[in-house]
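Scroll down for the structure; my scribbles are underneath it.
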Amino acid sequence: MNKNELEAYITETYGVSAEYPWLRYPTYAVFRHKCNQKWFAVVMDIPRSKLGLNSEEKVSIMNVKCDFILIGSLLEQKGFYPAYHMNKANWISVALDGSAEDETIKWLLDMSVDIIGMTWKSL
């Protein structure tokens, strides 16, 4: 799944549109939960070196909130990395370059929306 496909999927599935809050990074998109406006996904274009890879080539990534119990096993799979610029205990980065399976990306989005939504429901 690439960045454009991901944005279309999120808009269609969760009924929210991308926000582009940073002038300095006009391609970075944030997706917020409808109920509490907290982020459930952030999409960025970063150098692969920021993921610990030996390249300055840019890659689109998605950060999602994830059950901390699953992060370790996901990091063993191709296309998954410790969260870039987020809390690595609760977030994970997914490369949007075809290396991660679309169904896993969708499953992680559902999980992130649910986790963020539970925060709102518990208030």
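Contact of the N54 side chain with the S49 side chain is not registered, since no non-hydrogen atoms from C-beta on lie closer than 4.5 Å. Using a 4.5 Å heavy-atom threshold, the side chains of T13 and L109 count as separate. Between I105 and V94, some side-chain heavy-atom pair lies under the 4.5 Å cut-off. In this structure, the side chains of D102 and W107 stay at 4.5 Å or more apart for every pair of heavy atoms. K65 places none of its side-chain heavy atoms less than 4.5 Å from the side chain of V113. Contact of the E101 side chain with the M1 side chain is not registered, since no non-hydrogen atoms from C-beta on lie closer than 4.5 Å. Between L96 and V59, every side-chain heavy-atom pair lies at or beyond the 4.5 Å cut-off.
More than 12 non-hydrogen atoms from other residues, nucleotides or ligands lie less than 6.0 angstrom from CD of Q77.
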Between N36 and H33, is a side chain to side chain contact (heavy atoms under 4.5 Å, CB included) present by the stated rule, with each step listed?
CA-CA 6 Å; N36 59 18; H33 196 284; 3.2 Å; yes
Side chain to side chain contact (heavy atoms under 4.5 Å, CB included) for N4 and Y9? Distances and angles first, verdict last.
CA-CA 9 Å; N4 294 331; Y9 176 79; over 6 Å; no
Kindly determine whether D97 and K58 satisfy salt bridge (Lys or Arg N to Asp or Glu O under 4.0 Å), including the steps that lead there.
CA-CA 10 Å; D97 61 0; K58 293 238 176 171; over 6 Å; no
Check the pair I61 / Y84 against side chain to side chain contact (heavy atoms under 4.5 Å, CB included), numbers first and verdict last.
CA-CA 9 Å; I61 63 163; Y84 170 71; 3.9 Å; yes
For side chain to side chain contact (heavy atoms under 4.5 Å, CB included), just list the numbers for V42 and H85, CA-CA rounded to whole Å, side-chain angles, deciding distance to a tenth of an Å, and then say yes or no.
CA-CA 10 Å; V42 183; H85 209 19; over 6 Å; no
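Between K50 and D45 there is no salt bridge, since no side-chain nitrogen of the basic residue lies less than 4.0 Å from a carboxylate oxygen of the acidic one. A salt bridge between R32 and E19 is present, with a side-chain N of the basic residue lying under 4.0 Å from a carboxylate O of the acidic one.
Atom CD in E57 sits 12.0 Å away from atom CD1 in I46 (nearest 0.5 Å). Put simply, OG on S60 and NZ on K3 are 4.5 Å apart, with the number rounded to the nearest 0.5 Å.
Checked by atom type and distance alone, the side chain of S93 never pairs as donor or acceptor with a backbone atom of N63 at under 3.5 Å. In this structure, K88 contributes its side chain and A83 its backbone to a donor-acceptor pair below 3.5 Å. In this structure, S112 contributes its side chain and F40 its backbone to a donor-acceptor pair below 3.5 Å.
Evaluated for a side-chain contact (heavy atoms from CB on, under 4.5 Å) with C66, the options I92, I115, N90 yield exactly one hit, I92.
Heavy-atom minimum distance, A95 versus A100: O-CB, 4.2 Å. Of all heavy-atom pairs spanning S17 and T11, the tightest one is CA-OG1, 4.2 Å.
A distance of 6.0 Å or more separates the ring centres of Y25 and Y20.
With hydrogens and angles left out, the side-chain atoms of D110 and Y14 include a donor and acceptor closer than 3.5 Å.
Ring planes of W22 and W39: perpendicular class, angle over 60° (limits at 30 and 60°).
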